[in-house]
Amino acid sequence: MIDNSKVLKNSIMLYIRMAVMMLITLYTSRIVLDTLGIEDYGIYNIIGGIVVMFSFLNMTLTIAIRRFLSVALAAKDKVRFMEIFRASVLAVFIASVIIIIGLETIGLWFLNNKINIPIHRIYAANCTFQLSILTFLCNINSVPYNSAIVSCERMGVYTYIGISESFLKLGLILLLPLYGTDKLIVYSVVIFLIALSVFSFNYGYFRFRIVRIRNSVKAKVEDVIAIFNFSVWSVLGSIVFMLATQGVNIIFNIFFGVALNAALGIAQQINSAINQFVGNFQTAFNPPLTKSYALNGLDSKTFDFVCDTSRMTFLLVAVISFPVILNMNGLLSVWLVKVPEYAVEFSILFILYTALDGCSGPLYILVYANGKIRDYQILLSAIQVIYVISVYILCIYGMSPISILSLNIVNGLLLFAGRLAVLRHIMQFPVIVYLKRVFVSALYSLLLLFLFGIFIENGISEENSMALLIRFFLSGIVALAVLYFLYLNNRERQFIIKTIQSKK
(Lines give C-alpha, C1' and ligand atoms only; values in the text may rest on other atoms or scores of the structure.)
Protein backbone atom coordinates (compact mmCIF):
# COMPACT_ATOMS: atom_id res chain seq x y z
CA MET A 1 0.00 0.00 0.00
CA ILE A 2 3.02 2.33 0.32
CA ASP A 3 4.11 3.72 -3.05
CA ASN A 4 7.10 5.96 -2.27
CA SER A 5 7.06 7.58 -5.70
CA LYS A 6 3.37 8.47 -5.32
CA VAL A 7 3.98 9.85 -1.84
CA LEU A 8 6.85 11.95 -3.25
CA LYS A 9 4.68 13.23 -6.12
CA ASN A 10 1.86 14.10 -3.72
CA SER A 11 4.33 15.82 -1.39
CA ILE A 12 5.64 17.99 -4.23
CA MET A 13 2.09 19.02 -5.16
CA LEU A 14 1.37 19.89 -1.55
CA TYR A 15 4.59 21.90 -1.20
CA ILE A 16 3.60 23.98 -4.22
CA ARG A 17 0.25 24.54 -2.51
CA MET A 18 1.96 25.45 0.72
CA ALA A 19 4.47 27.85 -0.85
CA VAL A 20 1.79 29.86 -2.64
CA MET A 21 -0.55 29.86 0.35
CA MET A 22 2.22 30.83 2.76
CA LEU A 23 3.35 33.83 0.71
CA ILE A 24 -0.23 35.03 0.24
CA THR A 25 -1.08 34.47 3.91
CA LEU A 26 1.92 36.43 5.13
CA TYR A 27 1.17 39.31 2.78
CA THR A 28 -2.56 39.41 3.57
CA SER A 29 -1.79 39.33 7.30
CA ARG A 30 0.26 42.48 6.86
CA ILE A 31 -2.66 44.18 5.08
CA VAL A 32 -5.20 43.01 7.66
CA LEU A 33 -3.09 44.13 10.66
CA ASP A 34 -2.40 47.52 9.06
CA THR A 35 -6.05 48.05 8.06
CA LEU A 36 -7.76 46.80 11.21
CA GLY A 37 -5.17 48.07 13.69
CA ILE A 38 -3.77 46.21 16.68
CA GLU A 39 -6.99 46.53 18.72
CA ASP A 40 -9.40 45.10 16.09
CA TYR A 41 -6.85 42.49 14.99
CA GLY A 42 -6.59 41.31 18.59
CA ILE A 43 -10.40 41.24 18.89
CA TYR A 44 -10.73 39.09 15.78
CA ASN A 45 -8.04 36.73 17.04
CA ILE A 46 -9.71 36.21 20.42
CA ILE A 47 -13.19 35.77 18.89
CA GLY A 48 -11.84 33.27 16.42
CA GLY A 49 -10.32 31.51 19.42
CA ILE A 50 -13.74 31.15 21.07
CA VAL A 51 -15.23 29.59 17.92
CA VAL A 52 -12.25 27.27 17.50
CA MET A 53 -12.63 26.13 21.12
CA PHE A 54 -16.05 24.76 20.20
CA SER A 55 -14.76 23.13 17.02
CA PHE A 56 -13.20 20.13 18.75
CA LEU A 57 -15.74 17.91 16.98
CA ASN A 58 -14.45 19.24 13.66
CA MET A 59 -10.92 17.98 14.35
CA THR A 60 -12.16 14.72 15.83
CA LEU A 61 -14.48 13.91 12.94
CA THR A 62 -11.81 14.76 10.36
CA ILE A 63 -9.43 12.21 11.88
CA ALA A 64 -12.15 9.56 12.27
CA ILE A 65 -13.64 10.01 8.79
CA ARG A 66 -10.25 9.91 7.05
CA ARG A 67 -9.38 6.77 8.96
CA PHE A 68 -12.61 4.92 8.06
CA LEU A 69 -12.49 6.05 4.42
CA SER A 70 -8.84 4.96 4.08
CA VAL A 71 -9.64 1.52 5.53
CA ALA A 72 -12.55 1.14 3.07
CA LEU A 73 -10.26 2.11 0.18
CA ALA A 74 -7.63 -0.38 1.35
CA ALA A 75 -10.27 -3.12 1.00
CA LYS A 76 -11.13 -1.78 -2.51
CA ASP A 77 -14.84 -1.79 -1.68
CA LYS A 78 -16.57 1.11 -3.48
CA VAL A 79 -19.98 0.42 -1.97
CA ARG A 80 -18.48 0.37 1.52
CA PHE A 81 -16.65 3.61 0.74
CA MET A 82 -19.95 5.29 -0.15
CA GLU A 83 -21.65 3.90 2.95
CA ILE A 84 -18.94 5.39 5.15
CA PHE A 85 -19.14 8.67 3.27
CA ARG A 86 -22.91 8.90 3.72
CA ALA A 87 -22.53 8.10 7.41
CA SER A 88 -19.86 10.80 7.77
CA VAL A 89 -22.17 13.44 6.24
CA LEU A 90 -24.87 12.53 8.77
CA ALA A 91 -22.35 12.54 11.64
CA VAL A 92 -21.12 16.00 10.65
CA PHE A 93 -24.71 17.31 10.53
CA ILE A 94 -25.33 16.06 14.08
CA ALA A 95 -22.05 17.61 15.24
CA SER A 96 -22.97 20.93 13.60
CA VAL A 97 -26.22 21.14 15.55
CA ILE A 98 -24.42 20.43 18.83
CA ILE A 99 -21.78 23.09 18.16
CA ILE A 100 -24.29 25.77 17.13
CA ILE A 101 -26.17 25.26 20.39
CA GLY A 102 -22.94 25.51 22.37
CA LEU A 103 -21.71 28.62 20.56
CA GLU A 104 -25.02 30.49 20.73
CA THR A 105 -25.38 29.85 24.46
CA ILE A 106 -22.10 29.33 26.34
CA GLY A 107 -19.96 30.98 23.66
CA LEU A 108 -22.12 34.09 23.38
CA TRP A 109 -22.32 34.46 27.16
CA PHE A 110 -18.55 34.10 27.50
CA LEU A 111 -17.92 36.71 24.80
CA ASN A 112 -20.10 39.36 26.40
CA ASN A 113 -19.27 38.69 30.06
CA LYS A 114 -15.71 37.38 30.33
CA ILE A 115 -13.66 38.59 27.35
CA ASN A 116 -11.78 41.86 27.79
CA ILE A 117 -13.09 43.94 24.84
CA PRO A 118 -13.37 47.77 24.74
CA ILE A 119 -16.99 48.91 25.19
CA HIS A 120 -17.13 50.79 21.89
CA ARG A 121 -16.26 47.55 20.00
CA ILE A 122 -18.84 45.25 21.63
CA TYR A 123 -21.32 45.50 18.71
CA ALA A 124 -18.63 44.78 16.11
CA ALA A 125 -17.36 41.90 18.22
CA ASN A 126 -20.82 40.30 18.33
CA CYS A 127 -21.28 40.67 14.56
CA THR A 128 -17.85 39.11 14.05
CA PHE A 129 -18.80 36.26 16.38
CA GLN A 130 -21.93 35.39 14.37
CA LEU A 131 -20.04 35.54 11.08
CA SER A 132 -17.31 33.34 12.55
CA ILE A 133 -19.98 30.76 13.42
CA LEU A 134 -21.19 30.75 9.79
CA THR A 135 -17.59 30.37 8.61
CA PHE A 136 -17.12 27.44 10.96
CA LEU A 137 -20.30 25.74 9.69
CA CYS A 138 -18.98 25.93 6.13
CA ASN A 139 -15.65 24.47 7.24
CA ILE A 140 -17.07 21.57 9.25
CA ASN A 141 -19.51 20.60 6.50
CA SER A 142 -16.58 20.45 4.08
CA VAL A 143 -14.95 17.73 6.22
CA PRO A 144 -16.51 14.64 4.52
CA TYR A 145 -15.76 15.93 1.01
CA ASN A 146 -12.24 17.09 1.88
CA SER A 147 -11.54 13.80 3.67
CA ALA A 148 -12.67 11.82 0.62
CA ILE A 149 -10.35 13.84 -1.64
CA VAL A 150 -7.38 13.26 0.70
CA SER A 151 -8.16 9.56 1.29
CA CYS A 152 -8.30 9.01 -2.48
CA GLU A 153 -4.90 10.77 -2.64
CA ARG A 154 -6.15 13.39 -5.10
CA MET A 155 -3.50 15.84 -3.94
CA GLY A 156 -3.54 17.73 -7.23
CA VAL A 157 -7.08 19.02 -6.76
CA TYR A 158 -6.40 19.48 -3.03
CA THR A 159 -3.54 21.76 -4.08
CA TYR A 160 -5.66 23.70 -6.56
CA ILE A 161 -8.40 24.26 -3.97
CA GLY A 162 -5.91 25.68 -1.46
CA ILE A 163 -4.22 27.95 -4.01
CA SER A 164 -7.55 29.21 -5.37
CA GLU A 165 -8.74 29.93 -1.84
CA SER A 166 -5.59 31.95 -1.14
CA PHE A 167 -5.87 34.05 -4.31
CA LEU A 168 -9.56 34.68 -3.62
CA LYS A 169 -8.69 35.81 -0.11
CA LEU A 170 -5.90 38.05 -1.44
CA GLY A 171 -8.19 39.73 -3.96
CA LEU A 172 -10.93 40.46 -1.45
CA ILE A 173 -8.58 41.61 1.31
CA LEU A 174 -6.75 44.00 -1.05
CA LEU A 175 -10.10 45.81 -1.32
CA LEU A 176 -10.50 45.95 2.48
CA PRO A 177 -8.96 49.43 2.94
CA LEU A 178 -11.47 50.84 0.42
CA TYR A 179 -14.53 50.02 2.52
CA GLY A 180 -15.82 52.96 4.55
CA THR A 181 -17.86 50.88 7.00
CA ASP A 182 -16.63 48.93 10.02
CA LYS A 183 -13.64 47.06 8.60
CA LEU A 184 -13.68 44.35 11.29
CA ILE A 185 -17.19 43.33 10.26
CA VAL A 186 -16.33 43.56 6.57
CA TYR A 187 -13.28 41.35 7.10
CA SER A 188 -15.45 38.76 8.86
CA VAL A 189 -17.88 38.78 5.91
CA VAL A 190 -14.99 38.24 3.49
CA ILE A 191 -13.70 35.22 5.43
CA PHE A 192 -17.22 33.73 5.52
CA LEU A 193 -17.72 34.13 1.76
CA ILE A 194 -14.39 32.44 1.09
CA ALA A 195 -15.32 29.49 3.34
CA LEU A 196 -18.68 29.18 1.55
CA SER A 197 -16.93 29.13 -1.84
CA VAL A 198 -14.50 26.40 -0.73
CA PHE A 199 -17.36 24.25 0.59
CA SER A 200 -19.25 24.61 -2.70
CA PHE A 201 -16.22 23.55 -4.73
CA ASN A 202 -15.46 20.56 -2.49
CA TYR A 203 -19.04 19.39 -2.82
CA GLY A 204 -19.08 19.84 -6.59
CA TYR A 205 -15.77 18.05 -7.12
CA PHE A 206 -16.80 15.05 -5.06
CA ARG A 207 -20.23 14.92 -6.68
CA PHE A 208 -19.02 14.99 -10.28
CA ARG A 209 -15.37 13.86 -10.27
CA ILE A 210 -14.73 11.30 -7.51
CA VAL A 211 -17.97 9.35 -7.55
CA ARG A 212 -21.45 10.03 -8.80
CA ILE A 213 -23.55 9.90 -5.67
CA ARG A 214 -25.77 6.84 -5.76
CA ASN A 215 -29.20 7.23 -4.20
CA SER A 216 -29.24 3.47 -3.56
CA VAL A 217 -26.35 3.78 -1.09
CA LYS A 218 -27.70 4.98 2.24
CA ALA A 219 -26.04 5.85 5.51
CA LYS A 220 -26.12 3.06 8.06
CA VAL A 221 -26.90 3.91 11.66
CA GLU A 222 -24.21 1.50 12.85
CA ASP A 223 -21.60 3.35 10.77
CA VAL A 224 -22.62 6.69 12.29
CA ILE A 225 -22.36 5.10 15.73
CA ALA A 226 -18.96 3.62 14.82
CA ILE A 227 -17.65 7.03 13.76
CA PHE A 228 -18.85 8.62 17.00
CA ASN A 229 -17.58 5.70 19.10
CA PHE A 230 -14.16 6.09 17.52
CA SER A 231 -14.40 9.81 18.19
CA VAL A 232 -15.42 9.55 21.86
CA TRP A 233 -11.87 9.54 23.22
CA SER A 234 -10.71 11.86 20.46
CA VAL A 235 -13.28 14.39 21.67
CA LEU A 236 -11.50 14.46 25.02
CA GLY A 237 -8.15 14.98 23.31
CA SER A 238 -9.50 17.67 21.00
CA ILE A 239 -11.18 19.59 23.82
CA VAL A 240 -7.98 19.58 25.84
CA PHE A 241 -5.93 20.54 22.76
CA MET A 242 -8.18 23.56 22.20
CA LEU A 243 -7.88 24.38 25.88
CA ALA A 244 -4.10 24.33 25.55
CA THR A 245 -4.12 26.62 22.49
CA GLN A 246 -7.12 28.94 22.41
CA GLY A 247 -7.60 28.60 26.17
CA VAL A 248 -4.12 29.99 26.73
CA ASN A 249 -5.00 32.87 24.38
CA ILE A 250 -8.03 33.66 26.54
CA ILE A 251 -5.98 33.45 29.76
CA PHE A 252 -3.47 35.89 28.25
CA ASN A 253 -6.35 38.17 27.24
CA ILE A 254 -7.73 38.20 30.79
CA PHE A 255 -4.36 39.06 32.35
CA PHE A 256 -2.68 41.15 29.62
CA GLY A 257 -5.41 42.51 27.28
CA VAL A 258 -6.05 42.47 23.51
CA ALA A 259 -2.66 43.97 22.59
CA LEU A 260 -0.96 40.74 23.65
CA ASN A 261 -3.53 38.77 21.61
CA ALA A 262 -2.35 40.71 18.56
CA ALA A 263 1.21 39.51 19.23
CA LEU A 264 -0.10 35.96 19.65
CA GLY A 265 -2.03 36.31 16.39
CA ILE A 266 1.10 37.33 14.48
CA ALA A 267 3.10 34.51 16.07
CA GLN A 268 0.39 32.01 15.16
CA GLN A 269 0.43 33.24 11.55
CA ILE A 270 4.18 32.60 11.36
CA ASN A 271 3.74 29.24 13.04
CA SER A 272 0.90 28.36 10.70
CA ALA A 273 3.13 29.02 7.70
CA ILE A 274 5.85 26.73 9.11
CA ASN A 275 3.27 24.15 10.14
CA GLN A 276 1.92 23.99 6.58
CA PHE A 277 5.21 22.47 5.42
CA VAL A 278 4.84 19.71 7.99
CA GLY A 279 1.10 19.34 7.50
CA ASN A 280 1.37 18.99 3.73
CA PHE A 281 3.94 16.23 4.04
CA GLN A 282 1.84 14.43 6.64
CA THR A 283 -1.26 14.80 4.47
CA ALA A 284 0.62 12.96 1.73
CA PHE A 285 1.74 10.03 3.90
CA ASN A 286 -1.38 9.73 6.12
CA PRO A 287 -3.54 7.64 3.72
CA PRO A 288 -0.81 5.14 2.64
CA LEU A 289 0.36 4.67 6.24
CA THR A 290 -3.19 4.04 7.45
CA LYS A 291 -3.89 1.64 4.59
CA SER A 292 -0.62 -0.22 5.15
CA TYR A 293 -1.28 -0.74 8.84
CA ALA A 294 -4.89 -1.76 8.16
CA LEU A 295 -3.66 -4.59 5.89
CA ASN A 296 -0.31 -5.63 7.41
CA GLY A 297 -0.03 -4.27 10.95
CA LEU A 298 3.34 -3.00 12.18
CA ASP A 299 5.49 -4.99 9.78
CA SER A 300 9.02 -3.97 8.79
CA LYS A 301 7.88 -1.91 5.81
CA THR A 302 5.33 0.05 7.84
CA PHE A 303 7.90 0.70 10.59
CA ASP A 304 10.49 1.82 8.02
CA PHE A 305 7.93 4.21 6.57
CA VAL A 306 7.24 5.67 10.03
CA CYS A 307 10.98 6.23 10.64
CA ASP A 308 11.54 7.71 7.17
CA THR A 309 8.65 10.17 7.46
CA SER A 310 9.79 11.26 10.94
CA ARG A 311 13.30 11.86 9.61
CA MET A 312 12.05 13.78 6.59
CA THR A 313 9.75 15.84 8.80
CA PHE A 314 12.68 16.80 11.03
CA LEU A 315 14.71 17.69 7.94
CA LEU A 316 11.97 19.96 6.60
CA VAL A 317 11.33 21.67 9.91
CA ALA A 318 15.03 22.29 10.52
CA VAL A 319 15.71 23.67 7.03
CA ILE A 320 12.77 26.05 7.28
CA SER A 321 13.00 27.01 10.95
CA PHE A 322 16.74 27.72 11.19
CA PRO A 323 16.83 30.77 8.86
CA VAL A 324 13.45 32.02 10.09
CA ILE A 325 14.38 31.90 13.79
CA LEU A 326 17.82 33.41 13.13
CA ASN A 327 16.28 36.36 11.25
CA MET A 328 12.92 36.65 13.02
CA ASN A 329 13.32 40.25 14.16
CA GLY A 330 14.28 41.48 10.68
CA LEU A 331 11.59 39.43 8.94
CA LEU A 332 8.82 40.82 11.14
CA SER A 333 10.14 44.37 10.68
CA VAL A 334 9.98 43.97 6.88
CA TRP A 335 6.65 42.12 6.92
CA LEU A 336 4.67 44.34 9.33
CA VAL A 337 4.17 48.08 9.42
CA LYS A 338 4.28 47.94 13.24
CA VAL A 339 5.55 44.88 15.12
CA PRO A 340 3.51 44.17 18.31
CA GLU A 341 5.48 43.72 21.53
CA TYR A 342 6.48 40.07 22.21
CA ALA A 343 5.68 39.02 18.61
CA VAL A 344 9.31 38.00 17.91
CA GLU A 345 9.70 35.91 21.07
CA PHE A 346 6.27 34.30 20.73
CA SER A 347 6.95 33.37 17.10
CA ILE A 348 10.21 31.60 17.99
CA LEU A 349 8.57 29.66 20.83
CA PHE A 350 5.69 28.52 18.60
CA ILE A 351 8.11 27.32 15.90
CA LEU A 352 10.12 25.28 18.42
CA TYR A 353 6.92 23.60 19.61
CA THR A 354 5.88 22.87 16.01
CA ALA A 355 9.23 21.19 15.39
CA LEU A 356 8.61 18.79 18.27
CA ASP A 357 4.99 18.15 17.40
CA GLY A 358 5.65 17.74 13.68
CA CYS A 359 8.25 15.01 14.10
CA SER A 360 5.75 12.94 16.06
CA GLY A 361 3.14 13.13 13.27
CA PRO A 362 3.68 9.54 12.06
CA LEU A 363 3.34 8.31 15.65
CA TYR A 364 -0.17 9.59 16.28
CA ILE A 365 -1.28 8.56 12.77
CA LEU A 366 -0.12 5.05 13.67
CA VAL A 367 -2.12 5.19 16.92
CA TYR A 368 -5.28 6.17 15.04
CA ALA A 369 -4.69 3.52 12.39
CA ASN A 370 -4.58 0.97 15.22
CA GLY A 371 -7.83 2.30 16.66
CA LYS A 372 -6.97 1.80 20.36
CA ILE A 373 -6.88 5.45 21.32
CA ARG A 374 -8.26 5.47 24.88
CA ASP A 375 -4.92 5.30 26.73
CA TYR A 376 -3.37 7.68 24.21
CA GLN A 377 -6.01 10.37 24.75
CA ILE A 378 -6.06 10.01 28.54
CA LEU A 379 -2.29 10.39 28.88
CA LEU A 380 -1.88 13.27 26.43
CA SER A 381 -4.94 15.09 27.78
CA ALA A 382 -3.52 14.92 31.29
CA ILE A 383 -0.27 16.47 30.06
CA GLN A 384 -2.14 19.30 28.30
CA VAL A 385 -4.33 20.04 31.34
CA ILE A 386 -1.26 20.32 33.56
CA TYR A 387 0.23 22.77 31.04
CA VAL A 388 -2.86 25.03 31.02
CA ILE A 389 -3.10 25.01 34.83
CA SER A 390 0.58 25.91 35.03
CA VAL A 391 0.06 28.84 32.63
CA TYR A 392 -2.82 30.17 34.73
CA ILE A 393 -0.87 29.89 37.97
CA LEU A 394 2.16 31.68 36.49
CA CYS A 395 -0.11 34.47 35.23
CA ILE A 396 -1.53 34.90 38.74
CA TYR A 397 1.99 35.23 40.13
CA GLY A 398 2.86 37.89 37.55
CA MET A 399 5.43 36.02 35.48
CA SER A 400 6.40 37.57 32.12
CA PRO A 401 4.46 36.37 29.03
CA ILE A 402 7.68 35.01 27.47
CA SER A 403 8.50 32.88 30.50
CA ILE A 404 4.94 31.57 30.64
CA LEU A 405 4.78 30.60 26.96
CA SER A 406 8.17 28.88 27.25
CA LEU A 407 6.36 26.13 29.15
CA ASN A 408 4.92 25.04 25.81
CA ILE A 409 8.32 23.61 24.84
CA VAL A 410 8.31 21.38 27.91
CA ASN A 411 4.72 20.48 27.04
CA GLY A 412 5.83 19.41 23.55
CA LEU A 413 8.59 17.18 24.91
CA LEU A 414 6.20 15.45 27.30
CA LEU A 415 3.64 14.89 24.53
CA PHE A 416 6.28 13.31 22.31
CA ALA A 417 7.36 10.97 25.10
CA GLY A 418 3.72 10.13 25.80
CA ARG A 419 3.08 9.07 22.20
CA LEU A 420 6.07 6.74 22.25
CA ALA A 421 4.96 5.22 25.56
CA VAL A 422 1.45 4.51 24.26
CA LEU A 423 2.72 2.95 21.02
CA ARG A 424 5.02 0.67 22.98
CA HIS A 425 2.05 -0.40 25.09
CA ILE A 426 -0.50 -1.10 22.34
CA MET A 427 1.70 -2.60 19.60
CA GLN A 428 5.17 -3.25 21.03
CA PHE A 429 6.59 -0.34 19.07
CA PRO A 430 10.45 -0.50 19.12
CA VAL A 431 11.06 2.87 20.81
CA ILE A 432 14.84 2.58 21.16
CA VAL A 433 15.29 1.59 17.50
CA TYR A 434 13.05 4.47 16.43
CA LEU A 435 14.95 7.04 18.51
CA LYS A 436 18.31 5.83 17.21
CA ARG A 437 17.22 5.95 13.59
CA VAL A 438 15.50 9.33 13.82
CA PHE A 439 17.17 11.49 16.47
CA VAL A 440 20.72 10.40 17.33
CA SER A 441 22.26 12.06 14.28
CA ALA A 442 19.85 14.98 14.76
CA LEU A 443 21.61 15.99 17.98
CA TYR A 444 24.93 16.50 16.22
CA SER A 445 23.21 18.45 13.42
CA LEU A 446 21.43 20.75 15.87
CA LEU A 447 24.60 21.46 17.80
CA LEU A 448 26.46 22.39 14.62
CA LEU A 449 23.59 24.58 13.42
CA PHE A 450 23.60 26.38 16.78
CA LEU A 451 27.29 27.18 16.41
CA PHE A 452 26.86 28.32 12.80
CA GLY A 453 23.93 30.49 13.90
CA ILE A 454 26.09 32.35 16.42
CA PHE A 455 28.79 32.84 13.78
CA ILE A 456 26.36 34.15 11.13
CA GLU A 457 24.58 36.49 13.55
CA ASN A 458 27.85 38.00 14.78
CA GLY A 459 29.40 38.13 11.32
CA ILE A 460 26.47 39.93 9.65
CA SER A 461 25.02 42.08 12.43
CA GLU A 462 23.67 44.96 10.31
CA GLU A 463 19.89 45.40 10.27
CA ASN A 464 19.38 46.79 6.74
CA SER A 465 17.40 44.93 4.07
CA MET A 466 20.45 43.73 2.12
CA ALA A 467 22.08 42.29 5.27
CA LEU A 468 18.82 40.56 6.16
CA LEU A 469 18.56 39.03 2.68
CA ILE A 470 22.18 37.79 2.74
CA ARG A 471 21.86 36.42 6.26
CA PHE A 472 18.58 34.64 5.46
CA PHE A 473 19.83 32.85 2.35
CA LEU A 474 23.22 32.09 3.90
CA SER A 475 21.56 30.48 6.93
CA GLY A 476 19.27 28.49 4.64
CA ILE A 477 22.23 27.16 2.62
CA VAL A 478 24.10 26.29 5.82
CA ALA A 479 21.08 24.38 7.16
CA LEU A 480 20.73 22.42 3.91
CA ALA A 481 24.45 21.55 3.82
CA VAL A 482 24.69 20.48 7.46
CA LEU A 483 21.58 18.32 7.32
CA TYR A 484 22.42 16.79 3.93
CA PHE A 485 25.92 15.69 4.89
CA LEU A 486 25.53 15.08 8.63
CA TYR A 487 21.90 13.97 9.13
CA LEU A 488 20.95 12.04 5.99
CA ASN A 489 22.35 8.55 5.45
CA ASN A 490 23.78 7.25 2.17
CA ARG A 491 20.50 5.63 1.08
CA GLU A 492 18.57 8.88 1.58
CA ARG A 493 21.19 10.95 -0.23
CA GLN A 494 21.16 8.53 -3.17
CA PHE A 495 17.36 8.68 -3.29
CA ILE A 496 17.44 12.49 -3.46
CA ILE A 497 20.11 12.46 -6.19
CA LYS A 498 18.18 9.92 -8.30
CA THR A 499 14.95 11.88 -7.84
CA ILE A 500 16.61 15.09 -9.04
CA GLN A 501 18.25 13.31 -11.99
CA SER A 502 14.95 11.74 -13.04
CA LYS A 503 13.40 15.22 -13.34
CA LYS A 504 16.00 16.44 -15.86
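Basis for what follows: all heavy atoms, side chains included, without hydrogens, waters or symmetry-related copies.
To the nearest 0.5 Å, atoms CD1 (Ile402) and OG (Ser406) are separated by 7.5 Å. In this structure, Ser347 OG and Leu264 CG are separated by 9.5 Å, a value rounded to the nearest 0.5 Å. Annotation: the span from Leu315 atom CG to Leu480 atom CG amounts to 7.5 Å, rounded to 0.5 Å. Taking CZ from Phe305 and OH from Tyr293, the interatomic distance works out to 16.0 Å, rounded to the nearest 0.5 Å. The structure places CG of Asp357 at 12.5 Å from CG of Leu352, a figure rounded to the nearest 0.5 Å. Distance check: Glu165 CD to Ile194 CD1 gives 7.0 Å after rounding to the nearest 0.5 Å.
Of all non-hydrogen atoms in Tyr342 and Leu260, the two that sit nearest each other are CD1-CD1, 3.3 Å. Minimum heavy-atom separation, Ser475 to Ile456: CA-CD1, 3.9 Å. For the pair Thr128 and Ser188, the tightest heavy-atom approach, listed with the atom from each and the gap, is CG2-OG, 3.1 Å. Scanning all heavy atoms of the two residues, the minimum distance from Ile409 to Leu349 falls at CD1-O, 3.4 Å. Residues Phe192 and Thr135 come closest through the heavy atom pair CA-OG1, 3.2 Å. Arg471 and Asn327 get closest at one heavy-atom pair: NE-OD1, 2.7 Å.
Between Val248 and Tyr387, some side-chain heavy-atom pair lies under the 4.5 Å cut-off. Residues Arg67 and Asn370 fail the side-chain proximity criterion, which asks for heavy atoms closer than 4.5 Å. Thr354 places none of its side-chain heavy atoms less than 4.5 Å from the side chain of Val317. Residues Val324 and Phe472 have side chains in contact (heavy-atom distance under 4.5 Å, counting atoms from C-beta outward). Inter-residue side-chain proximity for Leu298 and Leu366 is flagged as met; some heavy-atom pair is nearer than 4.5 Å. Contact check for Pro401 versus Phe256: side-chain heavy atoms found under the 4.5 Å cut-off. Proximity of Leu423 to Val431: side-chain heavy atoms (C-beta onward) are nowhere separated by under 4.5 Å. Side-chain contact check for Val388 versus Tyr392: every heavy-atom pair is 4.5 Å or farther apart.
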>> Working note: Leu356 + Phe416, criterion side-chain contact (heavy atoms from CB on, under 4.5 Å); need CA distance, chi angles, decisive distance, verdict.
In response: CA-CA 7 Å; Leu356 290 169; Phe416 193 93; 5.6 Å; no
>> Between Cys395 and Ile404, is the side-chain contact (heavy atoms from CB on, under 4.5 Å) condition met? List the steps.
In response: CA-CA 7 Å; Cys395 285; Ile404 295 171; 3.6 Å; yes
>> Between Val367 and Met427, is the side-chain contact (heavy atoms from CB on, under 4.5 Å) condition met? List the steps.
In response: CA-CA 9 Å; Val367 173; Met427 64 178 69; 5.9 Å; no
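Between the side chain of Asn113 and the backbone N or O of Trp109 there is at least one donor-acceptor pair closer than 3.5 Å. No donor-acceptor pair under 3.5 Å is formed between the side chain of Arg419 and the backbone N or O of Leu380. Although no hydrogens or angles enter the test, the distance criterion places a donor-acceptor pair under 3.5 Å between the side chain of Ser147 and the main chain of Val143. Between the side chain of Ser360 and the backbone N or O of Leu363, no donor-acceptor pair lies under 3.5 Å. Panel note: side chain Arg121, backbone Asp40; no donor-acceptor pair is recorded below 3.5 Å. Judged by distance alone, the side chain of Thr105 and the main-chain N or O of Gly102 form a donor-acceptor pair under 3.5 Å.
Aromatic rings of Phe452 and Phe322 (six-membered ring for Trp) have centroids beyond the 6.0 Å cut-off, not under it.
Tested against Tyr353, the residues Val410, Leu415, Leu413 include a single side chain to side chain contact (heavy atoms under 4.5 Å, CB included) partner, Leu415.
In this pair, Phe252 and Phe346 present their aromatic rings tilted. The plane angle is within the 30 to 60° band. Between Tyr434 and Phe439, the ring planes are perpendicular. Angles over 60° get that label, and only those under 30° would be called parallel.
Looking only at atom types and distance, the side chain of Thr302 has a donor-acceptor partner in the side chain of Asp299 under 3.5 Å away.
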